[in-house]
Amino acid sequence: PAGQFAADRLGKNIMAAIESLPVRQQQCFLLRSWEGLSVKETAAAMRLNSGSVKVHYSRALAKLKAVLEE
């Protein structure tokens, strides 16, 4: 029970952190991390160039790391 509570809490914290990201960063993070798309596939899906995808993804990871470390 305690382990399940901790897992539920962590899941809620992660979702809150993702929701705090700007929309483009959310989309990029979810497509890359959860959907497993490549940079090229993510760029096509979001109608961006690969460089923009890399920037959005990098910023999303940095912000998520900072939020979750608090």
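Treat the numbers as computed from the prediction; the structure is a model and nothing was measured. No hydrogens, no waters, no symmetry mates; every other heavy atom, side chains included, goes into these values. Numbers here simply count residues along the sequence, with the first being 1.
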Solution key, residues 19-33 side-chain donor-acceptor pairs under 3.5 Å, sequence neighbours excluded:
| unit_1 | atom_1 | unit_2 | atom_2 | d |
| --- | --- | --- | --- | --- |
| Ser20 | OG | Ala17 | O | 2.6 |
| Arg24 | NH1 | Met46 | O | 3.4 |
| Gln26 | NE2 | Glu19 | O | 3.2 |
| Gln26 | NE2 | Leu21 | O | 2.9 |
| Arg32 | NH1 | Leu37 | O | 2.7 |
| Ser33 | OG | Phe29 | O | 3.4 |
| Ser33 | OG | Tyr57 | OH | 3.1 |

Checklist entry - Is Val67 isolated, or which residues cluster with it under the ILVMFWY side-chain rule of less than 4.5 Å, directly or via members? => result none
Checklist outcome for this item: When rounded to the nearest 0.5 Å, the distance separating CD1 of Ile18 from CG of Leu68 is 8.5 Å
Item to check | Set of side-chain hydrogen bond (donor to acceptor under 3.5 Å, both in side chains) partners for Asn49, sequence neighbours left out | outcome: Ser52
Item to check | Side-chain heavy atoms of Val53 within contact of Lys40, under 4.5 Å | outcome: no
Item to check | Value rounded to 0.5 Å, distance of CD in Glu69 from CG in Leu64 | outcome: 11.0 Å
Checklist outcome for this item: For Ala43 and Ser50 the tightest heavy-atom approach is CB-N, 4.0 Å
